[in-house]
Asker: 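The structure that follows is given in the form of structure tokens.
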Amino acid sequence: QVQLVESGGGLVQSGGSLRLSCAASGNIFSVNVMGWYRQTRGKQRELVARIGRDGDTDYADSVKGRFTLSRDNAKNTVYLQMNSLKPEDMAVYYCNVDRISTRNGGIYYQTWGQGTQVTVSS
């Protein structure tokens, strides 16, 4: 069994910063693409940013230049640094990994974290 443990959400004023972390845990051999998605009530979950094992990143247009995604492969952890936060960034943020391989041969597709709330006050 594998799981994603998120941390770092909270309340911040508009223009402020937050850093989200997501660590994959379990009997892990490798972790493929790691990313963050967000969802507000009544809307579909949307991609914020994702990063491959080699560090290639992909960002939503709405966060380019403000958010930075990085990962530590040794720790199976991804970090989302969010700067210049806006009220429209307020959402529940979910960590996602598209494929996790375990040491006993298991493969887990589309693993999600439990979500962490980001609230931005104007």
Side-chain angles (χ1 to χ4, degrees):
Q1 189 73 11
V2 298
Q3 62 176 343
L4 301 178
V5 179
E6 303 157 343
S7 61
L11 171 65
V12 65
Q13 286 190 332
S14 182
S17 298
L18 282 175
R19 189 191 194 211
L20 305 183
S21 299
C22 171
S25 64
N27 190 24
I28 293 173
F29 175 70
S30 69
V31 175
N32 199 40
V33 177
M34 307 183 80
W36 287 93
Y37 290 70
R38 65 187 181 188
Q39 187 171 24
T40 55
R41 187 171 297 183
K43 293 188 176 181
Q44 286 194 335
R45 196 170 294 187
E46 64 175 6
L47 174 70
V48 176
R50 57 191 172 194
I51 184 168
R53 285 191 57 83
D54 57 3
D56 281 353
T57 53
D58 182 22
Y59 294 93
D61 288 343
S62 60
V63 307
K64 284 180 181 176
R66 300 187 297 121
F67 291 11
T68 302
L69 191 65
S70 60
R71 66 186 285 171
D72 183 333
N73 288 333
K75 296 181 179 179
N76 295 320
T77 299
V78 63
Y79 307 96
L80 182 67
Q81 178 65 43
M82 304 186 293
N83 298 330
S84 303
L85 281 160
K86 304 175 181 180
E88 50 263 44
D89 294 318
M90 185 161 57
V92 178
Y93 282 69
Y94 295 91
C95 181
N96 171 271
V97 178
D98 70 339
R99 188 177 75 246
I100 299 174
S101 301
T102 62
R103 297 185 186 281
N104 60 0
I107 300 177
Y108 294 80
Y109 295 100
Q110 297 302 329
T111 303
W112 291 92
Q114 77 281 5
T116 184
Q117 177 70 47
V118 170
T119 302
V120 183
S121 64
S122 56

Asker: Could you note down all residue pairs passing disulfide (SG to SG under 2.5 Å) where residues 33-81 supplies at least one of them, sequence neighbours left out?
Answerer: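 Listed by first then second residue: nothing to list.
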Asker: Under 3.5 Å, is there a donor-acceptor pair between the side chain of Arg103 and the main chain of Ile28?
Answerer: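 Side chain of Arg103 to backbone of Ile28: a pair is present.
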Asker: Do Tyr59 and Tyr79 sit in the same hydrophobic cluster, where Ile, Leu, Val, Met, Phe, Trp and Tyr count as joined when their side-chain heavy atoms come under 4.5 Å apart?
Answerer: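 Different clusters: Tyr59 never reaches Tyr79 through Ile, Leu, Val, Met, Phe, Trp or Tyr contacts under 4.5 Å.
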Asker: Look only at the side chain of Arg53 and the backbone of Val31, and say whether a donor-acceptor pair between them is shorter than 3.5 Å.
Answerer: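 Checking the backbone N and O of Val31 against the side chain of Arg53, a donor-acceptor pair under 3.5 Å is found.
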Asker: Looking at every non-hydrogen atom in both residues, tell me the closest pair between Gly52 and Val33 and how far apart they are.
Answerer: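 Residues Gly52 and Val33, closest heavy atoms: CA-CG2, 4.3 Å.
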Asker: Thinking salt bridges, do Lys64 and Asp61 make one under a 4.0 Å N-O criterion?
Answerer: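 Judged by the 4.0 Å cut-off on N to carboxylate O distance, Lys64 and Asp61 do form a salt bridge.
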Asker: Val12, Leu20: one ILVMFWY side-chain cluster at the under-4.5 Å cut-off?
Answerer: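 Yes.
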Asker: If you define the side chain from C-beta out and look only at heavy atoms, does anything of Trp112 sit under 4.5 Å from Asn96?
Answerer: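 Yes, their side chains come closer than 4.5 Å.
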Asker: Could you state whether Tyr94 and Met82 fall into the same hydrophobic cluster, counting links through intermediate Ile, Leu, Val, Met, Phe, Trp or Tyr residues with side-chain heavy atoms under 4.5 angstrom apart?
Answerer: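 No, because Tyr94 and Met82 fall into different hydrophobic clusters, even though each may have its own neighbours under 4.5 Å.
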Asker: Please determine whether the number of non-hydrogen atoms from other residues, nucleotides or ligands lying under 6.0 Å from atom CD of Gln110 exceeds 12.
Answerer: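 More than 12 heavy atoms, drawn from other residues, nucleotides or ligands, come within 6.0 Å of this atom.
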Asker: Kindly give the heavy-atom pair with the smallest separation between Arg66 and Leu85, and that separation in Å.
Answerer: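 Residues Arg66 and Leu85, closest heavy atoms: NH1-CA, 3.9 Å.
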Asker: Do the non-hydrogen side-chain atoms of Arg38 and Ser62 ever get within less than 4.5 Å of each other?
Answerer: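 A side-chain contact under 4.5 Å exists here.
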Asker: Counting heavy atoms not belonging to Gln39, are there more than 12 under 6.0 Å from its CD?
Answerer: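 Above 12, so yes.
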Asker: Salt bridge (Lys or Arg N to Asp or Glu O under 4.0 Å) with Asp56: which residues, sequence neighbours excluded?
Answerer: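 Partners of Asp56 by the salt bridge (Lys or Arg N to Asp or Glu O under 4.0 Å) criterion come out as none, since no residue qualifies.
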Asker: Is the ring pair Phe67/Tyr93 parallel, tilted or perpendicular, if the boundaries are 30 and 60 degrees?
Answerer: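 The arrangement is tilted - the two ring planes meet at 30° to 60°.
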Asker: Could you tell me the separation between the OG1 atom of Thr40 and the CG atom of Asp89, rounded to the nearest 0.5 Å?
Answerer: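 The OG1 atom of Thr40 sits 11.0 Å away from the CG atom of Asp89.
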Asker: So, for Cys95 and Val78, which heavy atoms are closest and what is the spacing to 0.1 Å?
Answerer: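 That would be SG-CG1, 4.0 Å.
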Asker: Without swapping roles, check the side chain of Arg71 against the backbone of Ile51 for a donor-acceptor pair under 3.5 Å.
Answerer: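 Looks like yes, one N/O pair under 3.5 Å.
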Asker: Any chain of hydrophobic side-chain contacts (each under 4.5 Å) joining Val118 to Val63?
Answerer: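 Result: yes, single cluster for both.
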Asker: For Asp98, enumerate each residue passing the side chain to side chain donor-acceptor pair (under 3.5 Å) test, keeping only those at least two apart in sequence or located in another chain.
Answerer: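 In terms of side chain to side chain donor-acceptor pair (under 3.5 Å), with neighbours along the sequence ignored, Asp98 is linked to Asn32.
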Asker: Once rounded to the nearest 0.5 Å, what's the spacing between atom OG of Ser122 and atom CE of Met90?
Answerer: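 Result: 8.0 Å between the selected atoms.
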Asker: What is the distance from atom OG of Ser30 to atom CD1 of Ile100, rounded to the nearest 0.5 Å?
Answerer: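 One finds 9.0 Å between OG of Ser30 and CD1 of Ile100.
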Asker: Please round to the nearest 0.5 Å and tell me the distance separating atom OH of Tyr37 and atom CG of Leu47.
Answerer: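 It is 4.5 Å, given to the nearest 0.5 Å.
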Asker: Taking Glu6 for the side chain and Gly115 for the main chain, is one N or O donor matched with an acceptor at less than 3.5 Å?
Answerer: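 Present.
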Asker: Quick check on the hydrophobic clustering: are Met34 and Val2 connected, directly or via other members, by side-chain heavy-atom contacts under 4.5 Å?
Answerer: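 Cluster IDs for Met34 and Val2 match.
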Asker: Going from CG on Leu69 to CD on Gln81, what distance comes out if it is rounded to the nearest 0.5 angstrom?
Answerer: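 Here the interatomic distance stands at 11.0 Å.
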Asker: How far does CZ of Arg50 sit from CH2 of Trp36, to the nearest 0.5 angstrom?
Answerer: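 The CZ atom of Arg50 sits 16.0 Å away from the CH2 atom of Trp36.
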